[in-house]
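Only a predicted model underlies this, so the values are computations on that prediction, with no experimental measurement involved. A, B, ... follow the sequence lines: proteins, then strands. Residue 1 opens every chain.
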Number of protein chains: 2
Amino acid sequence: MIDIPETVSTIKQAAEFTGLSEDTIRYYEKIGLLPYADRKASGHRTYSKHQLEGMVFLTRLKATGMTLEEMKHFRKLYEMGEASLPERVSILIEHKNRIQNEIDRLLETQRMIDFKIDKFKEAFVNPDLNKKWKSPFAD
Amino acid sequence: MIDIPETVSTIKQAAEFTGLSEDTIRYYEKIGLLPYADRKASGHRTYSKHQLEGMVFLTRLKATGMTLEEMKHFRKLYEMGEASLPERVSILIEHKNRIQNEIDRLLETQRMIDFKIDKFKEAFVNPDLNKKWKSPFAD
DNA sequence: TCTTGACTTGGAGTGTACTCCAAGTTGTAT
DNA sequence: ATACAACTTGGAGTACACTCCAAGTCAAGA
């Protein structure tokens, strides 16, 4: 059994792949969210495919509202090994629930916007309505 | 025709009703997102039911990702009157689309989390799998 | 009247997450 | 050999959205 050599990326390629900026990747490493990256002899960072996938996973968590601190905690658990699996699962389930609540709120706001758009359109077609119906916009 | 007298609220009641803090309401007024509030003789702010509804609308836009600057722009249009109705409608439609994209991203992340939870559970039941399958978490 | 709590202002301070910079080193193409 | 781009570091600066504070005024009950 031989290890399949993984293609190795520069920080620039990592940034392209993940959508993070190079500065952000270095920043994440600095605050301990990403582990100290492997280096070439020159000191330049290198990333494996596996690491890039991990970063993308991070971006998904972040984009869905997880804070950097929570992600750091999750990573700490990951480093503790198998014993932390149950807690990691419960964190993910909890996060999934938060996402669901967020989706519900978004859907509700969409309905509210639709209602408002309808009102606007009515008011546009028949300006008289505008006098009776005052749009609530904090005034 | 007589005006139905609207019940008038203090800033404290406004904060309770909207979920914003009193400081935040004053801050929104300071930056021009809310108009200069009506005052009692004492100088204390008062809010009508209509104004409270407007504030709740604001909180919905904010909670779905609209920035304070965008909301200020929307309010400016509102103050310009009927002529701005088409632009206001298009802003709302645009925002609705942004919300839809956000929902899509959230759903996708939920699926990703489900996949990961399954993997974790497998690894927990059968620790051998954990050796073959490395969780990508940026390491 | 006295006290207690609510409200006022302008401005300073905070938390999160970057983002940029200077000064120096390394890698690559000509 | 000489550019020139890519990379390195520590630390400073920025953007957004609040959040808190001091010092003072106002309102309502005992």
Check your understanding: Do the side-chain N or O atoms of B:T10 get closer than 4.0 angstrom to the phosphate oxygens (OP1, OP2) of C:dC7?
Key -> yes
Exercise for review: Considering non-hydrogen atoms only, spot the tightest contact between B:V8 and B:Q13 and give its length.
Suggested key: O-OE1, 4.2 Å
Point to revise | Length of the line joining B:E29:CD and C:dC7:C1', which is rounded to integer Å | key: 13 Å
Practice item. Using a strict 4.0 Å threshold on nitrogen-to-oxygen distance, state whether A:R111 and A:E108 make a salt bridge. Key: no
**Study point:** For atom CE of B:M66 and atom P of D:dC16, their distance in whole Å
**Key:** 16 Å
Check your understanding: How is A:I11 classified with respect to the nucleic acid when contacts are heavy atoms under 4.0 Å: base, sugar-phosphate, or nothing?
Key -> sugar-phosphate
Practice item. Describe the nucleic acid contact of A:E22 in one word from base, sugar-phosphate, nothing, applying a heavy-atom distance below 4.0 Å. Key: sugar-phosphate
Exercise for review: Can you figure out which of D:dC7, C:dT8, D:dT9 approaches the side chain of B:R45 most closely?
Suggested key: C:dT8
Practice item. Could you state the atom-to-atom distance from CZ of A:R39 to C1' of D:dT8 in whole Å? Key: 8 Å
Exercise for review: For B:R75 and B:L33, indicate whether the former's side chain and the latter's backbone hold a donor-acceptor pair under 3.5 Å.
Suggested key: yes
Check your understanding: Rounded to the nearest Å, what distance is computed from the CG atom of residue A:L61 to the P atom of nucleotide C:dA17?
Key -> 13 Å
Practice item. Starting from C1' on D:dC7, measure out to OH on A:Y47 and report it in whole angstrom. Key: 11 Å
Point to revise | Note: A:R98-A:E70 ion pair, threshold 4.0 Å (strictly below) | key: yes
Exercise for review: Give a yes/no verdict on a cation-pi contact between A:R88 and B:F120, requiring under 6.0 Å between NZ or CZ and the six-membered ring centre and an angle within 45° of the axis.
Suggested key: yes
Point to revise | A:L33 CG - C:dA17 P separation (whole Å) | key: 10 Å
Point to revise | Length of the line joining B:M71:CE and D:dC16:P, which is rounded to integer Å | key: 13 Å
Practice item. With sequence neighbours excluded, tell me which residues meet salt bridge (Lys or Arg N to Asp or Glu O under 4.0 Å) with B:E94. Key: none
**Study point:** Separation of atom CD1 in A:I31 from atom P in D:dG11, rounded to whole Å
**Key:** 17 Å
Between the protein and nucleotides 18-28 of chain C, list the N/O to N/O atom pairs that are separated by less than 3.5 angstrom.
from	atom 1	to	atom 2	distance (Å)
C:dC18	OP2	A:Y28	OH	2.4
C:dG27	OP1	A:S42	OG	3.0

Study note, to complete from the structure: Separation between NE2 (B:H73) and OG (B:S84), nearest 0.5 Å, reads 9.0 Å
